[in-house]
Amino acid sequence: FFVTSKMIVQPWSAFAPNPHLAWYSKKRMWITYVVLVYLAKMCFGVAFKDNVAWAITNVFHALISFYILHWCKGLLFPHYSSKNDKLTVWEQIDCEEHYTPTKKVFLFIPVGLFLVAVQSDPSFSVFLFSCNLAALALCIVPALPILHRARPFGFNSD
């Protein structure tokens, strides 16, 4: 094979996935993500009962996920300038398409974590349920297509 000018690295277009976010779509990343969440639960499980450890894991996961996916704008490496500087990471994943496999995984994990956290509480504590529900809402509501490129109440707008 010969290298031609067409084979040289081309700048990515609006129709190509953002190369800086392509690793979100890798199955290895999804598995690593689930393993890290479970390891966090194991760490909290050393100091707390199982139901409380799952609730704390769920809340911390929601806070970190919200910050990384729905609050941070632009690219992960700020020294690169991009047309997507005003978009959140969630909005940039998979070329702003909704309900792609990657986005489904990032929606499934908080829902699964919520269900595990709620089911692990044998006494059904209203406080823990409320914390878990708030954590779920913090992950799911900003991901809704109706909020795509929306900044309610001017939060996180430039």
Side-chain angles (χ1 to χ4, degrees), residues 16-78 80 82 84-158:
N18 186 335
H20 301 288
L21 299 174
W23 58 278
Y24 281 102
S25 300
K26 305 288 185 199
K27 289 183 178 149
R28 287 176 295 192
M29 190 279 183
W30 302 344
I31 293 168
T32 304
Y33 183 28
V34 171
V35 168
L36 287 174
V37 169
Y38 188 72
L39 286 175
K41 187 272 176 197
M42 290 283 114
C43 291
F44 291 127
V46 171
F48 300 101
K49 291 191 294 184
D50 195 47
N51 60 339
V52 177
W54 276 115
I56 292 172
T57 303
N58 191 16
V59 169
F60 272 107
H61 171 266
L63 292 172
I64 293 168
S65 294
F66 177 79
Y67 179 75
I68 291 173
L69 294 175
H70 305 292
W71 193 263
C72 292
K73 289 183 179 177
L75 299 175
L76 298 175
F77 308 105
Y80 291 110
S82 170
N84 294 329
D85 284 345
K86 295 188 184 234
L87 295 178
T88 63
V89 173
W90 179 263
E91 292 165 341
Q92 294 179 54
I93 294 174
D94 294 336
C95 303
E96 300 186 58
E97 291 292 322
H98 304 293
Y99 303 117
T100 61
T102 303
K103 289 189 176 182
K104 287 178 184 178
V105 167
F106 284 109
L107 290 174
F108 172 76
I109 290 173
V111 171
L113 193 53
F114 169 78
L115 293 174
V116 169
V118 169
Q119 291 298 320
S120 69
D121 189 6
S123 61
F124 188 75
S125 166
V126 174
F127 175 73
L128 287 180
F129 178 78
S130 301
C131 290
N132 286 317
L133 188 61
L136 178 66
L138 190 61
C139 288
I140 300 297
V141 171
L144 295 174
I146 196 166
L147 292 176
H148 185 72
R149 290 188 177 230
R151 305 291 182 258
F153 309 111
F155 289 124
N156 199 20
S157 61
D158 290 337

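A heavy-atom distance below 4.5 Å is found between the side chains of H61 and I109. Between F129 and D121, every side-chain heavy-atom pair lies at or beyond the 4.5 Å cut-off. Two residues are said to be in side-chain contact when any heavy atoms from C-beta on lie closer than 4.5 Å; P142 and F66 meet this criterion. Residues F60 and I56 meet the side-chain proximity criterion, which asks for heavy atoms closer than 4.5 Å. Between F108 and W30, the closest side-chain pair of non-hydrogen atoms is not below 4.5 Å. Side chains of F114 and V118 form a contact here, defined as non-hydrogen atoms less than 4.5 Å apart. Two residues are said to be in side-chain contact when any heavy atoms from C-beta on lie closer than 4.5 Å; Y33 and F106 meet this criterion.
Scanning all heavy atoms of the two residues, the minimum distance from A135 to V59 falls at CB-CA, 4.0 Å. The two residues K41 and T57 come nearest to each other via the heavy atoms CA-OG1, 3.2 Å. Considering every non-hydrogen atom in both W54 and A117, the closest pair reads CB-CA, 3.8 Å.
The side-chain contact (heavy atoms from CB on, under 4.5 Å) check on V111 picks up L115, L136, I140, with sequence neighbours excluded. Checked against side-chain contact (heavy atoms from CB on, under 4.5 Å), T100 has the following partners two or more places apart in sequence or in another chain: D94, E97, T102, K103.
The line from CG of N51 to OG of S123 is 6.0 Å long, rounded to the nearest 0.5 Å. Rounded to the nearest 0.5 Å, atoms CD1 (I64) and CG (L36) are 10.0 Å apart.
A donor-acceptor contact shorter than 3.5 Å is absent between the side chain of S65 and the backbone of A62. With hydrogens and angles ignored, the 3.5 Å screen pairs a side-chain donor or acceptor of N132 with a backbone N or O of L128.
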